[in-house]
Visitor: 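Below you will find the structure I want to go over with you.
Side-chain atoms are counted along with the backbone in the values below, which use heavy atoms only and exclude waters and symmetry mates.
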Amino acid sequence: MGGREWRTRASWVLIVVVAAAVVLSLANAAVRPYVLGVSVLALDALGVVASVRAGRRGEVSAWQIVAGGRLCSLVVGLMLMCWTVSGGQGFWWASTLGRLVMFVLLAAGLMFAPARRMAGRQRLAFAAEAVTVLGAGFMVVWYFLIVPTVHGRTPSTEWIGLIGYPIGDLLLMVAVSVVLLRGTISSVSSPLTFFVTGITCYLGGDALWWGLYAHGGDTNSPVATAFLVMGSLLMTVAALRFDAVAPKPAAASARIPAWSLHLPIAAVAVGGTLLLAVTVRENDLLPWGGLVPGLIVMTAAVLFRQVISLRDSRDLIVSDVLTGLANRTGLDNAITRSLRRHEHGTLMLIDLDGFKLVNDAYGHPAGDHMLTTFAHHLRASVRHTDTCARIGGDEFAIWLPGATDDAHSIAERLLLTPSVPLDDDVVPIRASIGLTYAIGEQDTVKDLMRRADLAMYHAKRAGTHSWTTYDPAMTDRRAEDAALAEDLQHALDRGELHVVYQPIVDMSTGRAVGAEALLRWEHPTRGPISPVRFIPLAERTAMITRMGLWVLEEALTVRPPGSYMSVNLSPRQLQDPTLVHDVLAVLHRTATAPSHVVLEITESALVDATHAPTLQALREHGIRVAIDDFGTGYSSLQYLTRLPVDILKIDRAFVAELNGTPEGRAIAEAVIRLAQVLHLTTIAEGIETPDQALELRSLGCTRGQGYLYARPLPAADLLTAMTATPTTTTTTIARQGA
């Protein structure tokens, strides 16, 4: 058994013995003073040793001061025993002065830790808080302890103890109050918690003893005895716990509890109430009846102004200046409070997609307007008990205490983001959201933030404007994506990219009328990389602009005569001011008429009004515009009537639902009817079975693409596929549809 373990066990045995002795002595008044004396002496001796050892491991100066205070208490106990036996006046002086020094040292040791972490005005504020509590406490001690104690007694050296001891208790009370006020205690099981509780018990027992003494009561009180011994016991336990466990690094700044703002009010209320009560009780209304209320009103007004200043200062610490939401500190505080209460909850981490591009294009005032608009949307989408925070430039977070079942519906509400008018444009706010749940008592704020961040990253990888819930199977691929993005920068120059083509068929004749160009990447070591994986990387690294123009030129170079070529256009490309010029230059180099080109955009590009001038300019040159995967995004139908669009492409997910029932064809039919009203062409994607093709023809869709007609083909096979005679299947579909 190691020395530390042996000492710890022996100390705990002594503590158990002392506690048992106190319990037994409560029923026997005769032995109670002896139990009190022996117990306090033993605990003080153990406390001195434990405090010295604790000082070697953590707050050196604080525990050394505490060790000095416990040593003074030990000396006081020994001197009192000697004075009781011999009656020597020197022993009395030594015990009295030693006890006064003990009060000062214990209070100083308790306040040392929070005070040393402050500087400048913080220490002045700390001192002001201490004086506020001291003033109110002094009024109580003066009236209820000191005045009754010295009343009717002739001034003598005895007054040093009669007045000094209550003042010493007052110092302990001030120390406990300001430590709690500053939020220094981090957990219930921390050594500081035991020490503060011990000090509180000690001053409670001592104040009770002096109250009984001042009013002529029985000072051999079992309650006072129990409190005094328990106070010494808990202070000793605090030092032992600090010596037994590895010390944690001190926090850079303590979290000041919200209730601390009310402490000055409570102190002044106690003092004012006491003044009024004494004035009435002493029947001295004439001189004091006007002065006391006036003083109370004046003090209350000054105090009210101080509390407002404290609230302003606290808001600056925990609030975001721009949006008025909580900041990272405020969010951490809210989560920590919930976790300490063992509450379940949901953390949402939100990142605005494309915010930096908007900020660069329209300036910082426009970016700030977008942030404040989104902050208002957050507040309107959650409950008043939830905490909304802005924790970074374009990063927000929401803590939903107790919310787990309805978290998904809240996430859906958050995605219904408003649009922001910027100059002459209307820009939609789009976001990626990661969710995680507080799943156990072992969760920390850091754990929740890490999981939510990982979920948000997966939401971004899956596509913008979506939400994802954290799953333990998720892996952090940011390092892998960074390496892949680096390889993508050189993929075009190394010849790793190639284009394949999927024919688009006129379902009324079964003949191919055009083709869609699809980009593929064959990595030299990783093999084929899915476009779902590398296209978002290209958009984030701005490689998409160069790649997009390269795909356009490659596709127009191999375009079969008499057909058109459909090429995807990224929202990032639409933000390039030279896009129209670059596209026209490609058409000129490949000798392609604009009417033979279709540029496909996503719904997210459609609803962004900043893209309208670019799309309009392309259309004015004769280039047609198609909306890809229509119906899967969050666009408003009004954009179709205002923006330049020629073709709607029905997403493969809706085509897959076609099964001959009204429910299965509801969405596809709605899109086709909408296109007919707006005089737009419809193209169905992902057609795989003849039944799907027949149903689409019956609904009025005239064109389609999918594995039923042809898989994506290399350029060498495109011309053959485009000029081939329609197969028996496609001819049959065309005839049956007609």
Visitor: For Ala538 and Met547, work out which heavy atoms get closest and say how close.
Guide: CB-SD, 3.8 Å
Visitor: Consider only side-chain N and O atoms of Ser432 and Asp351, and report whether a donor and an acceptor are under 3.5 Å apart.
Guide: no
Visitor: Report, as yes or no, whether the 6.0 Å neighbourhood of atom NE2 on His490 holds more than 12 heavy atoms from other residues, nucleotides or ligands.
Guide: yes
Visitor: Could you give the distance from CG (Leu347) to CG (Leu331), rounded to the nearest 0.5 Å?
Guide: 6.5 Å
Visitor: For Asp320 and Thr323, run side chain to side chain donor-acceptor pair (under 3.5 Å): C-alpha distance rounded to whole Å, both residues' side-chain angles, the deciding distance at 0.1 Å, then the answer.
Guide: CA-CA 6 Å; Asp320 176 62; Thr323 63; 2.7 Å; yes
Visitor: Could you tell me which non-hydrogen atom of Asn659 sits nearest to which non-hydrogen atom of Gly664, and how far apart they are?
Guide: OD1-CA, 3.7 Å
Visitor: Taking only Lys NZ, Arg NE, NH1 and NH2, and the carboxylate oxygens of Asp or Glu, determine whether Arg572 and Glu539 approach each other closer than 4.0 Å.
Guide: no
Visitor: Over all heavy atoms of both residues, which pair between Arg546 and Gln489 is shortest? Give the atoms and the distance, please.
Guide: NH1-O, 4.4 Å
Visitor: Could I get the full list of ring-ring contact (aromatic ring centres under 6.0 Å, His included) partners for His376, not counting sequence neighbours?
Guide: none
Visitor: Find the distance between CZ (Arg533) and CD1 (Ile535) and round it off to the nearest 0.5 Å.
Guide: 13.0 Å
Visitor: Any heavy-atom pair between the side chains of Thr468 and Tyr457 that's under 4.5 Å?
Guide: no
Visitor: Test side chain to side chain contact (heavy atoms under 4.5 Å, CB included) on Leu484 and Arg526 and set out the steps.
Guide: CA-CA 10 Å; Leu484 201 62; Arg526 301 172 186 262; 3.5 Å; yes
Visitor: Check Asp447 with Arg451, please: is the shortest side-chain N to carboxylate O separation under 4.0 Å?
Guide: no
Visitor: Determine, stepwise, if the pair Thr372 / Leu322 fulfils side chain to side chain contact (heavy atoms under 4.5 Å, CB included).
Guide: CA-CA 7 Å; Thr372 53; Leu322 176 64; 4.0 Å; yes
Visitor: Hey, mind stepping through Leu371 and Phe396 against side chain to side chain contact (heavy atoms under 4.5 Å, CB included) and telling me if it holds?
Guide: CA-CA 10 Å; Leu371 293 175; Phe396 294 81; 3.9 Å; yes
Visitor: Of all the heavy-atom pairs spanning Glu685 and Asp651, show the shortest one and how long it is.
Guide: OE1-CA, 4.1 Å
Visitor: Given side chains that start at C-beta, do those of Lys460 and Asp353 come closer than 4.5 Å, heavy atoms only?
Guide: yes
Visitor: Measure the CG-CD1 distance between Leu537 and Ile529 for me, rounded to the nearest 0.5 Å.
Guide: 9.5 Å
Visitor: Is the closest side-chain heavy-atom distance between Pro531 and Arg520 below 4.5 Å?
Guide: yes
Visitor: Would you compute the distance between atom OG1 of Thr682 and atom CZ of Arg673 and round it to the nearest 0.5 angstrom?
Guide: 10.0 Å
Visitor: For the CD1 atom of Ile544 and the CG atom of Asp576, what is their distance to the nearest 0.5 Å?
Guide: 12.0 Å
Visitor: Can Glu395 and Arg390 be counted as an ion pair, charged N to O under 4.0 angstrom?
Guide: no
Visitor: Is the closest side-chain heavy-atom distance between Thr436 and Thr346 below 4.5 Å?
Guide: no
Visitor: Between Arg665 and Thr661, does the side chain to side chain contact (heavy atoms under 4.5 Å, CB included) criterion hold? Intermediate values first, please.
Guide: CA-CA 7 Å; Arg665 65 170 177 263; Thr661 65; 5.9 Å; no
Visitor: Got Val625 and Ile647 here, is their nearest side-chain heavy-atom distance under 4.5 Å?
Guide: no
Visitor: Give, for atom CD1 of Ile627 and atom CD1 of Ile650, the distance between the pair rounded to the nearest 0.5 Å.
Guide: 13.5 Å
Visitor: Find out whether Met370 and Ile429 are in side-chain contact, i.e. whether some heavy atom of one side chain is under 4.5 Å from a heavy atom of the other.
Guide: yes
Visitor: According to the interplanar angle, ranging from 0 to 90°, do the rings of His408 and Tyr437 count as parallel (below 30°), tilted (30 to 60°) or perpendicular (above 60°)?
Guide: tilted
Visitor: Could you check if a side-chain atom of Ile199 sits within less than 4.5 angstrom of a side-chain atom of Leu234, using non-hydrogen atoms only?
Guide: no
Visitor: Please name the pair of heavy atoms, one in Gly686 and one in Arg652, separated by the smallest distance, quoted to 0.1 Å.
Guide: CA-NH1, 3.3 Å
Visitor: With a 4.0 Å cut-off, would you call Asp386 and Arg383 a salt bridge?
Guide: yes
Visitor: Between Glu516 and Lys649, is the closest basic N to carboxylate O distance under 4.0 Å?
Guide: yes
Visitor: Please find the pair of heavy atoms, one from Gln573 and one from Gly548, that lie closest to each other, and give the distance.
Guide: NE2-CA, 3.6 Å
